[in-house]
**Q** 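Before I ask anything, let me first share the structure, which is written out below as structure tokens.
Chain letters run A, B, ... following the sequence lines, proteins first and then strands; every chain starts at 1.
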Amino acid sequence: MKKNKIYKMALDFAKIEKYWKDFWIENKTYKVDIDKDKEKYYVLDMFPYPSGAGLHVGHPLGYIASDIFSRYKRMTGFNVLHPMGFDSFGLPAEQYAIQTGIHPAESTRENIKMYKKQLSNLGLNYDWSREVQTSDPDYYKWTQWIFSRLFEHYYDINENRAVPIDNLIEEFEKYGNLNVNAATAETKSFTAEDWKKMKDTEKNDVLMNYRLAYRKVGYVNWCEALGTVLANDEVKDGISERGGHPVVKKPMNQWSLRITAYAERLLNDMENIDWSDSLKSMQRNWIGRSEGLQMFFDIAQSDKKLEIYTTRPDTIFGVTFMVLSPEHPFVEELTVAENKKEVEKYIEYAVNKTEIERTSEKKISGVFTGSYAVNPINGKQIPIWISEYVLMDYGTGAIMAVPSDDDRDRAFAQHFNLPIINIIDKSKYPEATSKDKLGVMINSDFITGMEVPEAIEAIINKVESMGIGKKQVNYKLRDANFSRQRYWGEPFPIIYDEQGIAYLLPEDELPVELPPMTEFKPTVDGKSPLARNKNWVNDIDGFYRETDTMPGFAGSSWYFLRYMDPQNEEVFASKEALEYWQDVDFYIGGTEHAVGHLMYSRFWHKFLFDLNLVPTNEPFKRLVNQGMIQGVIEFLYLKKEKENGVNIFVSKELVDDNKQDEYAKIPVYIKFVKDYGTDNSYLDKDGIDKFREWREEYKNAKFVFQNGVYQSGEFDGEGSEENMRFTTLSEVGKMSKRYHNVVNPDDVVDEYGADVFRMYEMFLGPIEQSKPWDTKGIDGISKFIKRYWGLYEDRDGKWLVTEDKPNADELKLLHKTIKKVTEDINNLSFNTAISTMMVFVNEIKKMDSHKKAVLEPMVKLIAPFAPFVAEELWHRLGMSGSVHHEQYPVFEEKYIKESTVKYPICINGKKRGIEEFDANATQDEIKKIVRELDYVKKWIGDKPIRKEIIVPGRMVNIVI
RNA sequence: GCCGAAGUGGCGGAAUUGGUAGACGCGCUGGACUCAAAAUCCAGUGGUAGCAAUAUCGUGUGGGUUCGAUUCCCACCUUCGGUACCA
């Protein structure tokens with residue numbers, strides 16, 4: 001008992017952590033400035049949204065990894081930029097404000113304070129002097145400024161970059177848009193004369209079709225419950241990702257960003273960046289490039305031409321009908337009188353359907369317009385239908401349907417009894433699906449007999465020569481909706497005149513600050529809460545302000561640039577800072593941002609690059625996705641039907657798999673559950689009582705077990721109530737407030753210390769792998785740190801380190817450890833780096849060695865992993881300054897050279913023994929010795945040796 | 001459906017170029033210290049047979065290439081992540 005106490009005092013991590021945290025702040029240990037004598041290295045974490053729930057043990061996984069890596073880089077001589085900040089605009093703070101009346105700015109400030117405290121408890125080496133917050137006016141001034149530049153530019157396809165809109169206006173005045181090749185939604189051609197005749201509002205509309213930030217009417221994801229428009233990636237399965245509310249399509253005037261202009265560059269430039277293949281392929285899918293043919297079909301009894309897009313021009317002889325999207329502009333005109341009623345009914349049905357209904361029930365639906373199109377290749381008339389399976393915002397919103405070679409078209413044709421013409425013979429390719437571009441054309445006039453790829457070319461040539469279409473590349477990527485009807489986001493630097501023409505506010509009026517308000521609900525007509533503030537909206541004579549705010553990804557699309565020069569008031573970052581820090585060398589964060597944030601950031605960065613405002617074309621050189629630390633979710637089965645008004649909970653083993661629908665799963669606070677996270681997790685009497693206390697509504701619920709019933713504190717059944725076991729259902733899933741399974745890192749740090757927590761999270765497995773949190777192995781790391789400490793100081797607080805000269809074995813061990821740890825850090829294989837250090841401690845303990853010449857380099861080696869313990873030992877060794885600014889140990893080959901080599905001896909590839917040979921032994925010498933070995937002789941017997949293989953340094957194999 | 005990642009002891013995981021499968025840790029078993037417990041230390045720990053030496057099986061399944069395969073190739077199964085009426 002007494003001994004134990006003294007030992008604990010020797011490693012009082014709470015005291016050590018407090019001391020060095022203060023020391024680092026006082027000495028600005030992690031502050032970094034431009035230093036042109038040193039090479040820069042930029043390590044970045046995806047900054048968090050400061051939610052009210054605080055950090056859980058899942059967040060730090062990436063932070064710890066980047067912390068170790070940045071400390072290592074600093075110790076190898078780099079000038080390391082490793083900042084942190086907060087993505088502090090967002091919906092939760094606003095919803096919290098609606099519920100509580102607490103201003104988002106205030107709750108956000110509180111949450112950030114809590115986050116910073118939690119982060120500092122982990123010993124992360126951020127340079128807090130560079131902190132950015134996206135909701136800070138000094139920051140969002142520049143978000144607005146970049147938006148202004150997007151508004152003022154269009155994308156010139158010939159030059160392949162963004163060009164000022166003023167150049168375009170000049171061009172329009174001279175030649176109209178006849179020679180313009182730009183990324184645009186403008187479909188009309190006009191001459192200079194036409195342009196000059198246009199009214200201001202018309203000119204404004206035309207320019208909007210070119211600007212990179214523009215306004216358009218579009219169908220947006222409208223969420224009634226949240227009172228806001230959501231981005232496509234904020235909607236999952238037709239319901240809002242946050243809150244799970246239904247989402248419908250609604251027409252609204254919205255700001256958008258023309259990210260599609262950059263689609264090709266976003267796709268191609270991925271080749272030169274060091275991202276994982278899976279991440280690249282996710283981005284590639286999202287961009288969704290396809291090559292095909294855009295062409296026009298004539299319409300019988302009409303001058304209109306129907307534009308379609310297809311990736312399968314070869315199938316043109318198999319077209320038996322056309323399909324328009326319900327939102328297609330031709331719908332009204334093409335509907336003949338007798339079909340009018342039915343079509344209107346269908347449009348009503350399709351447009352008002354929520355996204356969830358559209359995707360969940362895959363019913364085939366559609367309606368005939370009564371009009372016919374003419375196949376330009378064979379002159380056949382084909383009916384034009386309307387169906388919701390054709391989407392307005394992909395391609396042209398109209399398709400030529402080929403039921404023989406498209407699954408959806410076929411299902412549609414079968415449902416409505418439309419003809420199907422087989423046009424491709426796939427008998428040569430039995431494995432091919434209808435999607436594969438394989439086969440030989442049949443029933444196809446002049447392309448009959450051609451292979452599919454050949455036929456595609458032939459039809460494209462034909463269509464192009466007829467002047468009714470051309471080869472075209474299409475993308476799934478859509479322009480990004482950039483308007484939100486919210487309060488807690490960046491206001492737009494935009495005002496409108498009476499005609500509704502948008503003007504930019506000049507730079508010296510930025511930032512446009514959020515006006516203080518007390519009411520945060522959106523208006524009933526769906527406008528942003530800002531619209532309530534009439535004084536603010538109309539405070540410029542003759543103009544009114546934009547009341548929408550920008551979405552979450554606005555501030556996060558460029559924050560990594562602001563870290564380079566966070567206090568600059570003249571520019572978003574100085575040329576000098578940008579030239580020095582360049583780009584992010586190493587970026588770490590979760591896969592959930594694989595498409596959203598990373599795509600938008602790349603887009604903004606490329607735009608800034610076009611304007612010559614940043615020196616690099618891509619923002620993030622190397623990117624790693626850390627895995628998620630999942631939580632354990634414990635559920636109780638509750639019968640959906642009450643019995644006599646009483647809730648019935650049923651122990652898991654009594655729940656029949658076939659009757660699971662009759663039960664609701666109620667999550668329970670995991671701390672009440674014994675053996676949580678296993679198949680045998682259960683509540684005992686104490687756990688049930690805690691649950692009853694915690695959830696008042698279940699105070700009198702009945703708990704049914706195999707051997708009895710427990711209700712209102714009374715047990716009725718066999719055996720004693722102390723042995724009650726109510727089995728729970730254990731699942732692995734997200735750590736979240738609603739599952740009551742959040743593990744706070746502070747609790748773990750309090751119990752074991754920050755260094756142990758850090759190393760344990762890294763020791764769990766490869767950084768990119770997801771895994772459930774459990775503390776089973778944490779004692780192993782805790783023991784390791786104590787054993788490591790014990791090399792320097794014994795249990796009684798006696799200092800053990802000696803000045804003796806190390807011997808060859810000790811040096812060999814040290815340098816082998818240095819070599820492996822260094823390699824592992826470079827590969828981000830922190831779990832094996834830690835196990836290597838464990839091996840070191842085990843081995844050196846066996847040697848009973850405490851020599852400074854070995855133990856001092858070890859302090860430096862462990863410093864990135866266990867910064868507190870390392871700093872403490874460094875100073876106890878009599879050093880000054882911070883160990884984190886020391887040179888990282890470098891291994892020397894000469895110490896690890898072995899004089900002998902151990903070879904496994906194999907017969908026919910199977911290991912039969914191990915032999916040690918002189919490192920300089922020749923192959924012949926080895927062969928000679930091996931042949932004489934007893935067990936080798938035994939295995940060979942009298943069979944002839946067919947082959948002897950010696951891989952130097954690896955193994956010996958004899959083939960008989 | 002499509003795209004991507006992964007399947008190794010009771011558990012987390014290791015094996016970086018095809019060359020000793022299971023490093024390291026947890027757990028478990030036995031022992032030392034102790035009146036006892038905790039802590040700590042020592043030893044053992046993939047399965048099967050055997051007192052043992054040893055043999056044999058073994059990296060999701062089935063095939064293949066190779067002197068030799070967790071690693072490469074083909075087919076399949078399972079799990080996880082992403083994504084989808086994308087013409």
Side-chain angles (χ1 to χ4, degrees), chain A residues 1 3-4 7-8 233 236-237 276-282 284-286 288 290 292-293 308-312 315 323 325 358-359 362 364 387-391 393-402 406-409 411-412 433 435 474-478 591-592 594-595 625 627-628 630 678 732 760 763-766 768-772 774-781 783-784 786-787 790 795 823-824 826-827 829 831-839 842 845 902-914 935 946-951 953-960:
Chain A
M1 192 72 186
K3 261 188 182 171
N4 196 11
Y7 180 68
K8 262 203 160 163
D233 28 332
K236 277 223 156 89
D237 302 327
S276 71
D277 288 342
S278 65
L279 201 88
K280 284 184 182 178
S281 87
M282 265 190 239
R284 231 175 270 127
N285 278 344
W286 195 258
S290 71
L293 174 69
I308 61 103
Y309 173 76
T310 178
T311 55
R312 296 298 301 272
T315 61
V323 187
S325 144
R358 273 206 192 186
T359 47
K362 299 221 163 173
I364 295 160
S387 176
E388 57 182 332
Y389 83 86
V390 175
L391 308 176
D393 47 6
Y394 181 76
T396 61
I399 60 157
M400 59 176 220
V402 185
D406 182 282
D407 296 339
R408 290 152 311 165
D409 294 349
F412 193 85
T433 66
K435 277 188 174 169
N474 248 3
Y475 302 95
K476 282 197 236 175
L477 184 73
R478 313 287 163 76
T591 12
E592 64 272 24
V595 276
N625 287 124
M628 267 215 288
Q630 294 145 318
T678 66
V732 169
Y760 180 58
F763 191 62
L764 279 173
E768 297 191 76
Q769 204 162 299
S770 290
K771 51 232 148 190
D774 77 89
T775 46
K776 263 192 273 168
I778 200 164
D779 284 333
I781 296 287
K783 274 188 221 166
F784 161 70
K786 284 180 193 162
R787 280 158 61 87
R795 288 159 158 247
E823 283 169 4
D824 285 346
N826 280 311
N827 293 326
S829 180
N831 55 332
T832 52
I834 291 167
S835 83
T836 304
M837 292 190 275
M838 287 174 168
V839 172
N842 293 345
K845 262 192 116 81
K902 274 184 189 151
Y903 282 93
I905 311 299
C906 305
I907 316 288
N908 285 347
K910 262 194 157 49
K911 189 185 78 173
R912 298 296 176 186
I914 297 174
Y935 61 87
R946 288 203 287 150
K947 213 171 178 183
E948 285 167 299
I949 299 158
I950 297 179
V951 185
R954 288 285 188 190
M955 51 88 66
V956 177
N957 190 16
I958 296 172
V959 186
I960 52 174

**Q** Under a 90° cut-off about 0 for the syn range, is B:G9 syn or anti?
**A** syn

**Q** Rounded to whole angstroms, how far apart are CZ on A:R946 and P on B:U66?
**A** 12 Å

**Q** Between B:C26 and A:K783, is there an OP1 or OP2 to side-chain N/O distance shorter than 4.0 Å?
**A** yes

**Q** May I ask you to evaluate whether A:Q769 reaches the phosphate of B:A5, defined as a side-chain N or O under 4.0 Å from OP1 or OP2?
**A** no

**Q** Can you check whether A:R912 has a side-chain N or O nearer than 4.0 Å to OP1 or OP2 of B:U56?
**A** yes

**Q** With distance as the sole criterion, is a donor-acceptor pair present between the side chains of A:N625 and A:T591 under 3.5 Å?
**A** no

**Q** Measure from the side chain of A:F763, starting at C-beta and using heavy atoms only, and say which of B:G19, B:G12, B:C3 lies closest.
**A** B:G12

**Q** From the set B:G4, B:U16, B:C26, return the single nucleotide nearest to any side-chain atom of A:K776.
**A** B:C26

**Q** Please determine whether the number of non-hydrogen atoms from other residues, nucleotides or ligands lying under 6.0 Å from atom NZ of A:K845 exceeds 12.
**A** yes

**Q** Return the nearest nucleotide to the side chain of A:R787; candidates are B:C42, B:G12, B:U83.
**A** B:C42

**Q** Between B:A87, B:A21, B:G25, which one does the side chain of A:T311 approach most closely?
**A** B:A87

**Q** Of the nucleotides B:U17, B:G4, B:U16, which one has an atom closest to the side chain of A:E823?
**A** B:U16

**Q** Nearest to the side chain of A:V839, which nucleotide is it out of B:C24, B:A87, B:C26?
**A** B:C24

**Q** Are any of A:Y394's side-chain N or O atoms less than 4.0 Å away from OP1 or OP2 of B:A87?
**A** yes

**Q** Give a yes/no answer on whether the side chain of A:K910 brings an N or O atom under 4.0 Å of OP1 or OP2 in B:C57.
**A** yes

**Q** Considering only B:G13, B:A55, B:A87, which nucleotide approaches the side chain of A:L391 most closely?
**A** B:A87

**Q** Which one, B:C26, B:C85, B:G13, comes nearest to the side chain of A:R408?
**A** B:C85

**Q** A:K476 side chain: which of B:A14, B:C86, B:C67 is closest?
**A** B:C86

**Q** On the nucleotide B:G81, are OP1 or OP2 found under 4.0 Å from the side-chain N or O atoms that A:N625 carries?
**A** no

**Q** From B:C26, B:A23, B:A87, pick the nucleotide closest to the side chain of A:I399?
**A** B:A87

**Q** Heavy atoms only, 4.0 Å cut-off, all strands: where does A:S835 land among base, sugar-phosphate and nothing?
**A** base

**Q** Let me know, please, whether A:S829 or A:N285 comes out on the 5' side of the other along RNA chain B by nearest nucleotide.
**A** A:N285

**Q** Do side-chain atoms of A:N474 reach the backbone of A:S290 as a donor and acceptor pair under 3.5 angstrom?
**A** no

